[in-house]
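Heads up: the structure comes next, in structure tokens.
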Amino acid sequence: SDDTFEIISKYADEGERNIVLDDDGHILYSTFEEKPFSDVITRKESIDLRKSPNKEIADLAAKMISGFPGIKSIELNQKRYLVIYAPIKICNWTFASIIPQDNAEKLVKEAENEMDKLYAQFSSESSFLFIVILSLILFIFLLLLVFLSILSLKVAKKISSPLADLTNKVKEVATGNLNIKFTSDANDEIGYLSKSFNKMTSTLKKKIDGLSKITSETDRIANELSLANKIQNSLLPKVFKENPDDPYELYASMKSSRKISKDFYDFFKINDDKLFLTAGEISGESIPATLLMLICKTMLRNHAHMINESITLTKAIASVSNKIFQHNETRMPVSAFIAIVNLKTGEMNYINANYSFPYLLNKKSSTSFAKLVDADISSNPLGIAAQTKIQEHQITLEKNDVLMLYSEGVAGLIENGKGENSDDSLQDLLNRYAASQERTDPKELILNIEKYMSGLKNPKGKTLSQLCFVFEGDL
């Protein structure tokens with residue numbers, strides 16, 4: 001660019017300067033800059049010298065990249081310079097040496113003065129001797145020009161060879177070979193570039209190795225969580241009714257976007273006449289909460305079989321809570337609904353330990369679901385105190401009464417999703433189904449609610465648990 005030639009002009013009196021042009025006329029290297037290779041790195045900031053407003057510069061640039069060596073005189077800042085240039089075949093660049101023409105003319109002047117002296121001193125000698133001396137001087141001058149051209153080519157080779165080698169090594173790195181090294185003993189910018197290249201490949205290799213270890217560990221954890229999910233799902237009861245003649249219908253479902261869930265449900269017959277129902281969830285970190293959930297579910301099942309005339313539901317659940325408290329160092333609360341239904345009489349004894357308020361549909365007196373009577377007078381969560389508050393309640397179910405249990409995730413998702421599909425609440429969905437069906441099918445009811453929730457966003461990945469129980473006893 002013109003700025004570059006201003007720099008050349010500024011230092012021109014100090015002697016020869018060199019530049020390298022690419023095949024597009026851009027300056028790649030200049031001895032006028034403190035960092036010669038900065039021109040290569042910031043090539044976009046350089047302009048095509050062939051488009052210079054200075055016609056002599058534009059013509060010179062065009063000749064320099066034509067592929068042939070040459071010599072040209074140009075004027076810069078009202079001063080003449082002699083430009084000697086030659087192509088660098090290996091990379092289609094051009095190397096040029098710029099010499100102040102005054103220096104070259106000074107040599108010629110000195111030669112002419114010497115020639116005049118010789119002419120005066122040896123004027124009496126033959127003109128042949130004069131011609132020989134003049135030819136010798138001219139020959140020496142030509143040798144000087146040849147020497148400068150050879151020197152320029154050697155400097156160009158010294159620059160282009162390491163760059164060509166570096167280009168090949170960069171291509172190998174692009175294929176994934178990070179063990180390659182770029183060796184240079186130079187103490188200039190080439191040496192600095194060599195160290196930077198080697199440091200870059202070493203850092204990349206360490207980063208990739210680290211990512212490989214992280215990926216491997218992540219895959220291991222994912223496999224373990226997947227196995228835990230399979231084990232957890234295998235512990236959920238799959239047979240909803242062991243005896244077809246039992247006077248009830250039941251269906252339960254658990255949907256989770258996570259590998260493992262902190263929710264649980266369980267149901268089984270304690271004896272021929274009594275059915276045990278429970279649903280719950282643990283508040284806390286995922287894996288520890290899941291382990292506590294499995295412990296709680298196991299304890300509830302074991303203690304349910306201990307219930308008899310002397311051991312009431314209240315005593316059994318209080319014992320479960322105390323044992324959970326002994327192993328629950330982080331005091332994660334266990335929310336649960338526990339009930340025992342007498343299939344002959346319809347009596348249902350239940351404890352609501354801070355679980356979501358269940359809904360009850362009394363088919364005989366209503367077509368709408370309502371919150372279970374006294375369910376809001378709930379007990380404290382299990383496992384957070386040595387002697388926690390346990391409040392037992394009792395109601396009598398009538399034929400076709402429906403008990404609906406659901407996790408906080410279900411109620412929260414539907415409530416937060418208002419405005420996306422509709423403004424319905426969970427109670428609205430339950431009532432709409434009850435009004436459209438003469439007989440409640442627990443599976444159909446839960447699948448309808450799941451279908452509705454599938455259109456809602458669940459950003460926190462809450463587990464969606466539901467259990468529906470229909471009493472069909474003839475009282």
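Computed from a predicted structure; not experimentally measured.
Every residue meeting the ring-ring contact (aromatic ring centres under 6.0 Å, His included) condition with Phe276, not counting sequence neighbours, appears here in chain and number order: Phe268. Not a single side-chain hydrogen bond (donor to acceptor under 3.5 Å, both in side chains) links Lys443 to another residue, sequence neighbours left out. Residues forming a side-chain hydrogen bond (donor to acceptor under 3.5 Å, both in side chains) with Gln437 (at least two apart in sequence, or on another chain): none. Every residue two or more places apart in sequence or in another chain that forms a ring-ring contact (aromatic ring centres under 6.0 Å, His included) with Tyr359 is listed here: Tyr406. The side-chain hydrogen bond (donor to acceptor under 3.5 Å, both in side chains) search around Thr388 returns none, not counting sequence neighbours. Looking at residues two or more places apart in sequence or on another chain, you find a side-chain hydrogen bond (donor to acceptor under 3.5 Å, both in side chains) between Asp59 and Lys55. Legend: residues meeting side-chain contact (heavy atoms from CB on, under 4.5 Å) with Phe325, ordered by chain and number and at least two apart, are Arg331, Ala386. Contacts of Thr203 classified as side-chain contact (heavy atoms from CB on, under 4.5 Å), with partners at least two apart in sequence or in another chain: Lys199, Lys207. Take Phe267 and apply the ring-ring contact (aromatic ring centres under 6.0 Å, His included) test, not counting sequence neighbours, and it matches Phe240. With sequence neighbours left out, Phe469 forms a ring-ring contact (aromatic ring centres under 6.0 Å, His included) with Tyr248. Pro442 meets the side-chain contact (heavy atoms from CB on, under 4.5 Å) test with Glu249, Tyr251, Cys468, Val470; sequence neighbours excluded.
Side-chain contact of Ser253 with Glu450: a donor-acceptor pair under 3.5 Å is present, judged by distance alone.
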Practice prompt. Before giving the answer on side-chain contact (heavy atoms from CB on, under 4.5 Å), spell out for Met404 and Ile446 the whole-Å C-alpha distance, their side-chain angles and the decisive distance to 0.1 Å.
Written response: CA-CA 9 Å; Met404 183 69 184; Ile446 288 179; 4.2 Å; yes
Fill in: Evaluation steps, side-chain contact (heavy atoms from CB on, under 4.5 Å), between Ile27 and Leu49
CA-CA 8 Å; Ile27 294 177; Leu49 291 184; 4.1 Å; yes
Item to complete: List the steps, then state whether side-chain contact (heavy atoms from CB on, under 4.5 Å) holds for Leu145 with Ile84.
Response: CA-CA 9 Å; Leu145 293 178; Ile84 305 169; 4.0 Å; yes
Fill in: Derivation and outcome, side-chain contact (heavy atoms from CB on, under 4.5 Å), residues Leu445 and Leu430
CA-CA 8 Å; Leu445 174 59; Leu430 294 172; 3.9 Å; yes
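Proximity of Arg50 to Ile65: side-chain heavy atoms (C-beta onward) are separated by under 4.5 Å at one or more points. You'll find the side chain of Ile351 stays beyond 4.5 Å of the side chain of Phe337, heavy atoms only. The shortest distance between side-chain heavy atoms of Leu250 and Lys241 does not fall below 4.5 Å. Side-chain contact between Leu148 and Ile99 is present, with heavy atoms from C-beta onward closer than 4.5 Å. Here the side chains of Leu429 and Ile414 are in contact, with some heavy-atom distance below 4.5 Å. Inter-residue side-chain proximity for Glu75 and Tyr81 is flagged as unmet; no heavy-atom pair is nearer than 4.5 Å. Contact of the Thr94 side chain with the Ile88 side chain is not registered, since no non-hydrogen atoms from C-beta on lie closer than 4.5 Å. Side-chain contact between Thr278 and Phe264: present, with at least one pair of heavy atoms (C-beta onward) separated by less than 4.5 Å.
Checked for salt-bridge contact, Arg80 and Glu56 meet the test: a charged N lies under 4.0 Å from a carboxylate O.
In terms of heavy atoms, Ser465 sits closest to Val410 at O-CG2, 3.6 Å. Closest of all the heavy-atom pairs between Gly409 and Lys462 is CA-CB, 3.9 Å. Tyr265 and Leu467 make their closest contact through CB-CD1, 4.2 Å (heavy atoms, listed as atom of the first residue, atom of the second, distance). Contact between Gly67 and Pro87 at its shortest, heavy atoms only, is O-CG, 3.3 Å.
Note that CG of Asn18 is 8.0 Å distant from CD1 of Ile98, once rounded to the nearest 0.5 Å. Note that the NZ atom of Lys206 and the OG1 atom of Thr201 stand 10.5 Å from one another [nearest 0.5 Å]. Between atom CE of residue Met332 and atom SG of residue Cys296 there is a gap of 11.0 Å, rounded to the nearest 0.5 Å. To the nearest 0.5 angstrom, Leu464 atom CG is 8.5 Å from Asp263 atom CG. For the atom pair Leu300 CG and Leu382 CG, the distance stands at 7.0 Å (nearest 0.5 Å). In this structure, CG on Leu413 lies 9.5 Å from OG on Ser407, to the nearest 0.5 angstrom.
Looking only at distances, no side-chain donor or acceptor of Glu281 sits under 3.5 Å from a matching main-chain atom of Val334. For Ser321 (side chain) and Gly383 (main-chain N/O), a donor-acceptor pair under 3.5 Å exists by modelled atom type. Between the side chain of Asn328 and the main chain of Ile324, no donor-acceptor pair closer than 3.5 Å is present. Judged purely by atom type and a 3.5 angstrom limit, Asn431 uses its side chain to pair as donor or acceptor with the backbone of Phe369. Between the side chain of His303 and the backbone N or O of Met299, at least one donor-acceptor pair lies under 3.5 Å. With hydrogens and angles ignored, the 3.5 Å screen pairs no side-chain donor or acceptor of Asp24 with any backbone N or O of His26. The backbone N or O of Leu294 sits less than 3.5 Å from a side-chain atom of Thr298, completing a donor-acceptor pair.
Applying the salt bridge (Lys or Arg N to Asp or Glu O under 4.0 Å) rule to pairs touching residues 288-298 yields Asp266-Lys297, sequence neighbours excluded.
Atom NZ of Lys72 sits in a crowded spot, with more than 12 heavy atoms from other residues, nucleotides or ligands closer than 6.0 Å. The environment of NZ in Lys51 is sparse: at most 12 heavy-atom neighbours from other residues, nucleotides or ligands sit within 6.0 Å.
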